[in-house]
Amino acid sequence: MRNTFYITTPIYYVNDVPHIGHAYTTVAADVLARHYRQQGYDVFFLTGVDEHGQKVQQAAAKAGIDPQIYCDNMVPRFQDVWKQLNISNDAFIRTTDPQHKEIVKQYLNDLHENQLIYSADYTGWYCTFDERFWTEKDVVEGLCPDCKRPVERLSEKNYFFKMGQYRDKLERYIVQHANPPDPYIAPQSRCNEVLGFLRNPLEDLSISRPKSRLSWGIELPFDPEYVTYVWFDALVNYISALQYLTPDSKNDPSGSFERYWSPQRSGPPGVEDHTIIHLVGKDILTTHAVYWSTMLMALNIPLPTTIFAHGWWTVNGEKMSKSRGNVVDPHRMAKEFGTDAFRYFLMREVPFGQDGDFSEEALANRINSELSDGLGNLVSRTLAMIEKYCDGKIPESHENAPTLDESTVTASLGENIALAKDHIEQLRFSRALEAIWESLQSCDRYIEKNAPWKLAKNVADRPTVYRVLYNVVRSLECVLPYIYAFMPETGYEMARQLGLNPKIEQKQFMIEKLRPGTLITKDKPLFPRIEPPRTQGEPRVTDQPSVQPTALTPTESTPAPQPAQPTPAAVPQITIEDFQKIQLKTATVLAAERVPRSDKLLKLQVDLGTEQRQIVAGSGKRYEPEALEGRRIVIVANLKPAKLMGIESQGMVLAAGDKGVEGLVTLMEEVPPGTKVK
Ligand code: MSP
């Protein structure tokens, strides 16, 4: 048998619109599913919707339609957004599936027959919104302690699950399984919270609702006057799905159940790993850690490996809510910023488990600095150099060619990859990404240190150029599976451009081994830089020039509105002697790269025939650095050197444009570098 990995998200209430909270858990689950598939595990990834209960019944009534039709109409909203976010779930459960309903009834019957469910009269304070009773001490001034809405006094016969009797057993279990690598409740602070909750006596759980009050639910198999409490119904999804939604469940439902639900903690080498993880938000930890765990105990089903509760997102520092109108729509985020960029942000911005704040500015900053300038720039400059110095083919490794600081890429690579793997498996997604980005940065430093563009001029140094580029491509090959788990499209595209011939077979991402001589395919940059957000709904990807055409360069087809032209008299005139003070010369761009933390500045190495110079140019918003390499440009050669963002600039590049660069001045003919321009 293979190692197995079963990962679940909460099933989302179908009456809500998908928001960042839903996307957060689902993307995290997807990263884990993709990661474990690549580790050779037999993965089952489940998500779905929770369709029963008061809220759905009320929403359907408000819409004036039958609840089932209402649910059928709402479900595609979730399915569509998961498609857009590239979620690779293996199944999508609906609690109105007839098979699920049947399985819930079977479990209810089992518990009832074993006297673990009994009926009793119950009087308490009921909150319709939260669909639950509260005790006297919970209610403050007649309001629900959770949602702060008024509660009402209700007395009714109900069915109760004997949850209370499992208190000690559950507490012991949590304490015994409190430590990494497989804590039962994680993170630690949440585990302490549950233990705190269990310090009080644990009451039995009402698992029914009289039909007179709520009819939209699964009928109790032993009393047709009642439906099942929505949480009992919903939690069962984690095991019902295994009996009818897995690949072999049609032929062998119980075998299929056992295939993914035989939890076994990772033991000594050779022992198979059968991990089950429930990802939930912090607000639904008690229902999972206490209700679900005790339900499983009562049903004699082993407990899952880990229940992990993540934190909540605020939006620009405020609580997210419909009434505030600040609900973050994952569909819009993916559309405007890109699916992978949004996925990256969710996983990178906040340590999983802690609360975090979402803002479009923070998202744009990460895209520009880490995806565009970081990963994207490294890949495109590497490919540009392979095109230029290696005829567009992966170079030989030239193991005997000396390169500077080689160990910073090779040794740190191994370390960082091991770290990234461990961090992902411990659900420390942001640290996993940090480790991967650390490898990318060491590649950048290694390139800088060795400066292949300088070495390439000397034939004797060519093997070193090949070795540098080989080492960088090799590092990119090694981090690819991790990039893919977080950003599937980017991983695929990167592999394609690097000539690694990616394939996806049975949801598994496969690349060929790096082979010298393989042709690369340099293509569009992976992440175009984006304008920081201004107003809602504006397009952000700046694949258009960020500077609008000025009155001096209206396009022929669409004349631009003409701002008032300065009168000739207003422009100070100069003499020919004045002009001759400026020494203009032709130059060839040898190498170009972005200045860190600047979206505007590029650092150029230019050839002036008799000398080489470094010039900082302000054309980074208009051009990717590679686009400039090899260009014949015009520079002001006698400008006093100056420092821009700490980098010395020995001259100035001529460009057209008023407020920003619209086009570089280039030469039509092959004039040698260093020729005077007048
Ligand atoms: N139907 C139940 C879960 C049943 S699981 C057997 C439910 N559904 S829900 O639609 O309300 O789920 C919401 C999920 O989104 C929860 O995990 C919740 O923590 C999460 N979030 C809701 N708002 C959130 C944020 N602002 N930030 C992060 N996650 C948030 O509960």
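Keep in mind that this is a model prediction, so the values were computed, not measured. Nothing fancy with the numbering, it's 1 onward along the sequence. Whatever order the structure lists them in is the order used to number ligands and atoms, beginning at 1.
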- Query: Within 45 degrees of the axis of the six-membered ring of Tyr482 and under 6.0 Å from its centre: does Lys421 put its NZ or CZ there?
  - Reply: no
- Message: Check whether Phe129 forms a cation-pi arrangement with Lys55 (NZ or CZ under 6.0 Å from the six-membered ring centre, at most 45° off the ring normal).
- Response: yes
- Honestly, is Arg190 close enough over Phe308, meaning NZ or CZ under 6.0 Å from the six-membered ring centre and within 45° of the axis? no
- Message: If the condition is salt bridge (charged side-chain N to carboxylate O under 4.0 Å, His left out), which residues does Glu203 pass it with, not counting sequence neighbours?
- Response: none
- Where Arg343 and Ala485 come nearest, the two heavy atoms and their spacing: NH2-O, 3.2 Å
- Message: Tell me whether His288 contacts the main-chain N or O of Leu285 through its side chain, where contact means a donor paired with an acceptor under 3.5 Å.
- Response: no
- Heavy-atom cut-off of under 4.0 Å around ligand 1: list whichever protein residues fall inside it, by chain and number. Pro10, Ile11, Tyr12, Tyr13, His19, Gly21, His22, Asp50, Trp231, Ala234, Leu235, Asn237, Tyr238, Gly281, Asp283, Ile284, His288, His310, Gly311, Trp312, Trp313, Met320
